[in-house]
**Q** 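The structure is given below, and queries will be raised subsequently.
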Amino acid sequence: NFIEDAAGYEQACNTWLAKREQLLRKIPLEDDGRLPDKEMEQCVGKLCILRGVSPRGDHGHVVVARVTADGEFELLHDPFPEADPEGPMLRRPFAWAGVILP
């Protein structure tokens with residue numbers, strides 16, 4: 001479980017991904033829930049971990065998504081599908097995308 005790793009979540013993810021010649025790049029989202037324009041070129045089409053505030057309480061929620069051409073996200077897997085990717089899950093200040101890059 002990356003959350004429980006003593007090295008921290010992001011470092012634990014990157015240690016695992018490095019063995020697969022990939023890395024996780026954590027990018028804060030714009031106020032509208034999209035990726036910043038400067039991040040678009042390298043991120044479009046890539047898988048990501050999309051994090052925001054849980055619709056079920058005051059804690060985080062993550063889903064698996066793919067970055068779309070307009071900087072938004074195609075939801076691929078949500079462990080709690082009632083979460084609305086256009087709603088509270090993506091509101092700042094707790095919204096970021098961990099984009100998986102080669």
**Q** Minimum heavy-atom separation for Gly71 and Met40, please, with both atom names.
**A** N-CE, 3.0 Å

**Q** Determine the minimum heavy-atom distance between Val63 and His77, stating which atoms define it.
**A**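 The answer is CB-O, 3.3 Å.
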
**Q** Compare every heavy atom of Leu35 with every heavy atom of Cys43, then report the nearest pair and how far apart it is.
**A**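 Heavy-atom minimum between the residues: CB-CD1, 3.7 Å.
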
**Q** What pairs with Asp70 under side chain to side chain donor-acceptor pair (under 3.5 Å), at least two apart in sequence or on another chain?
**A**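 Listed in chain order: Thr68.
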
**Q** Hey, quick one: are Ile27 and Val44 part of the same hydrophobic cluster, counting side-chain heavy atoms closer than 4.5 Å, chains of contacts allowed?
**A** yes

**Q** Could you state the interatomic distance from CD (Glu74) to SG (Cys48), rounded to the nearest 0.5 Å?
**A** 10.5 Å

**Q** So which atom in Phe73 and which in Ala65 form the shortest heavy-atom distance, rounded to 0.1 Å?
**A**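 Distance-wise, the nearest heavy atoms are CB-CB, 4.0 Å.
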
**Q** Less than 4.5 Å apart, side chain to side chain, heavy atoms only: is that true for Val62 and Leu50?
**A**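 No - every pair of side-chain heavy atoms lies 4.5 Å or more apart.
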
**Q** Give a yes or no on whether the backbone of Leu24 and the side-chain of Asn14 come within a donor-acceptor separation of less than 3.5 Å.
**A** yes

**Q** Go through it in stages, so that I can follow the logic: the residues are Arg51 and Lys26, the test is side-chain contact (heavy atoms from CB on, under 4.5 Å), and I'd like the CA-CA distance, side-chain angles, deciding distance and then a yes or no.
**A** CA-CA 10 Å; Arg51 199 267 193 202; Lys26 194 171 168 181; over 6 Å; no

**Q** Using the salt bridge (Lys or Arg N to Asp or Glu O under 4.0 Å) rule, collect all pairs that involve residues 8-24, keeping only residues at least two apart or in two chains.
**A**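 Not a single pair qualifies under salt bridge (Lys or Arg N to Asp or Glu O under 4.0 Å).
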
**Q** Pair Lys46, Ile100 - check side-chain contact (heavy atoms from CB on, under 4.5 Å), show working.
**A** CA-CA 6 Å; Lys46 301 291 192 275; Ile100 300 172; over 6 Å; no

**Q** Which residues pass the side-chain contact (heavy atoms from CB on, under 4.5 Å) test with Leu47, not counting sequence neighbours?
**A**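 For Leu47, the residues satisfying side-chain contact (heavy atoms from CB on, under 4.5 Å) (neighbours in sequence not counted) are Arg66, Leu76.
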
**Q** Is Tyr9 linked to Val64 within one hydrophobic cluster, defined over Ile, Leu, Val, Met, Phe, Trp and Tyr using a side-chain heavy-atom separation of less than 4.5 Å?
**A**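 They do not share one cluster, since no chain of ILVMFWY contacts under 4.5 Å joins Tyr9 to Val64.
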
**Q** Would you name the heavy atoms of Asp32 and Arg34 that are closest together and state the gap between them?
**A** OD1-N, 3.1 Å

